Amino acid sequence: MQKKLYIGTNTKMYKTIRQTVAFLDELGSLTRDIDRNLLELFVIPSYTALDAAARTAQAQAITLGAQNMSWEDEGQFTGEVSPLMLEETGVRLVCIGHSERRHIFGEDDEVENKKVLAALRHHFTPLLCVGETASQKELGIQNEVLRSQLKVGLHDTSPEQARHIWIAYEPVWAIGVGGTPAGVMYASRMYTVIRQTLREIYGGEAGDRIPILYGGSVNNMNARELIQAPDIDGLFIGRSAWDADNFSRIIHDLVDICLIK
Ligand code: 13P
C-alpha cells in the first residue's frame with residue numbers, strides 16, 4: 001500500500017488572520033487535485049488566526065495545528081494558551097518543542113513531556129520536534145541528544161497513544177535564515193536513530209507506525225532528495241512554504257516522487 005506523505009508548514013510569527021485565511025484558501029485550491037488519502041497536508045499558523053482559519057482549513061482538507069500549548073487546563077499562567085482553548089478552535093495538531101521554543105524560550109524535555117501528555121489527554125496529535133544543536137553535532141553526541149529528547153519527551157506515553165504521535169527531526173543548525181539544510185546521508189542516519197528509539201520505547205509495530213518528518217531549510221532544490229530516505233515520512237517546512245504557489249510546487253513534486261518511490 002502507498003504510504004501517506006506528511007507535508008506541512010509552521011508559519012511562525014508571520015501572517016495575520018486575514019493573510020492566514022487567504023493562504024489556506026489558495027493552498028487548498030492549488031492542491032485540490034491531490035488525493036488526501038495519499039497526502040496529510042497541515043498548516044500551523046499563529047494562535048490568533050486559528051479560530052478564523054478553522055472553517056477554511058476544513059473546507060480545503062488541510063489539518064490545522066497550534067504552534068505551542070500549555071500543559072495546564074487553566075490557572076494563573078499569564079500569556080499561556082490552554083488545551084481547552086485550543087479545543088474550541090478545531091485544532092487537531094499541536095507542535096511541541098519546536099527548536100525556537102527550546103532555544104529562545106528555554107523549554108526543556110521535561111516541559112515538552114508535560115505538553116505531550118496534555119495534548120494526548122485532550123485528543124490532539126502532538127508533533128514533537130527534536131534535533132541537536134551545532135555544538136552537540138560537533139561533539140558527536142547527536143545520537144545521544146535525540147535519544148534523550150525522545151525518551152524524556154515521550155515518557156509515560158503508551159503504544160496505544162503512539163498512534164497519535166508525530167515526530168519532526170529538525171536539527172537546530174539547519175533551521176531558519178542562516179541555517180544549512182542537512183545532507184541526505186546525515187539526515188538518514190538520524191532518522192534511523194529516531195526510528196530505533198521509537199521501537200525501543202513502544203515496540204516494533206507501534207514504533208514503526210509513527211511518522212517522522214524532516215524540517216530545516218527545506219526548499220524546491222532539496223525537498224526531493226530529502227524525502228528519498230527509507231525512514232522518512234514527510235517534510236515540515238518554514239520559509240519555502242509561506243508562498244502558497246511555491247509550497248504547492250514542492251508538494252506536487254514530492255507527491256510525484258513518492259508515488260514512484
Ligand atoms: P525553515 O524551513 O525556514 O528553516 O524552518 C523550518 C521550521 O522551523 C519548521 O518548523
Side-chain angles (χ1 to χ4, degrees), residues 5-15 19-20 23-24 27 40-47 49-50 53 57 62-69 91-107 112 115-116 119 124-134 136-137 145-146 149-150 153 165-184 186-187 190-191 194 211-227 229 232-251 253-254:
L5 181 63
Y6 294 74
I7 309 178
T9 183
N10 152 27
T11 65
K12 307 194 180 186
M13 204 174 73
Y14 293 97
K15 293 195 191 292
Q19 288 167 336
T20 302
F23 174 72
L24 287 166
L27 183 63
E40 173 71 61
L41 178 59
F42 63 96
V43 172
I44 307 186
S46 68
Y47 282 131
L50 290 175
I62 297 171
T63 298
L64 199 61
Q67 296 182 11
N68 185 18
M69 187 189 78
V91 155
R92 222 194 75 202
L93 187 67
V94 181
C95 181
I96 292 172
H98 188 276
S99 88
E100 286 148 22
R101 298 300 320 166
R102 291 176 187 263
H103 298 286
I104 303 174
F105 299 100
E107 293 185 11
E112 312 312 358
K115 294 185 180 191
V116 166
F124 296 123
T125 293
L127 169 55
L128 178 66
C129 302
V130 295
E132 78 284 3
T133 62
Q136 289 165 335
K137 181 170 176 255
V145 170
L146 292 180
Q149 286 178 339
L150 290 166
I165 294 170
W166 301 358
I167 302 294
Y169 170 56
E170 301 208 309
V172 181
W173 45 269
I175 295 177
V177 178
T180 323
V184 179
Y186 181 84
M190 296 305 106
Y191 307 149
I194 293 171
I212 302 175
L213 284 66
Y214 169 82
S217 294
V218 174
N219 58 43
N220 304 60
M221 308 296 283
N222 62 19
R224 281 168 159 257
E225 230 186 1
L226 284 162
I227 204 73
I232 194 76
D233 300 283
L235 297 175
F236 190 19
I237 311 175
R239 290 156 295 157
S240 301
W242 297 338
D243 172 73
D245 194 43
N246 197 55
F247 191 21
S248 154
R249 257 180 273 141
I250 296 179
I251 295 168
D253 237 24
L254 293 171

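Start at 1 and go down the list; that is how both ligands and their atoms are numbered. Being a predicted model, the structure only gives us computed values, none of them experimental. No hydrogens, no waters, no symmetry mates; every other heavy atom, side chains included, goes into these values.
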How far is [atom] from its nearest protein heavy atom, and which residue and atom name does that atom have?
atom	result
atom 5 (O) of ligand 1	Lys12 NZ, 3.2 Å
atom 9 (C) of ligand 1	Glu170 OE2, 3.0 Å
atom 6 (C) of ligand 1	Gly238 N, 3.7 Å
atom 10 (O) of ligand 1	His98 NE2, 2.9 Å
atom 3 (O) of ligand 1	Arg239 NE, 2.6 Å

What I want to know is whether [X] and ligand 1 share at least one N or O pair that is separated by under 3.5 angstrom.
X	result
Asn10	yes
Ile175	no
Gly176	yes

>> Can you confirm whether the side chains of Asp253 and Asn220 place a donor and an acceptor under 3.5 Å from each other?
In response: no

> Counting heavy atoms not belonging to Tyr186, are there more than 12 under 6.0 Å from its OH?
Replying inline: yes

> Could you walk me through whether Gln149 and Arg102 pass the side-chain contact (heavy atoms from CB on, under 4.5 Å) check?
Replying inline: CA-CA 11 Å; Gln149 286 178 339; Arg102 291 176 187 263; 3.9 Å; yes

> By number and element, which atoms of ligand 1 are closer than 4.0 Å to a non-hydrogen atom of Ser217?
Replying inline: 1 (P), 2 (O), 4 (O)

> Which atoms of ligand 1 are found less than 4.0 Å from any heavy atom of Phe236?
Replying inline: 9 (C), 10 (O)

>> Can you tell me how the ring of Tyr214 sits relative to the ring of Tyr191, calling it parallel under 30°, perpendicular over 60° and tilted otherwise?
In response: perpendicular

>> Name the residue from Ile237, Asp233, Leu213, Ile250 that meets the side chain to side chain contact (heavy atoms under 4.5 Å, CB included) definition with Ile7.
In response: Ile237

>> Under 4.0 Å between a side-chain nitrogen and a carboxylate oxygen: does that hold for Glu132 and Lys137?
In response: no

>> Would you compute the distance between atom CD1 of Ile44 and atom NE2 of His98 and round it to the nearest 0.5 angstrom?
In response: 8.5 Å

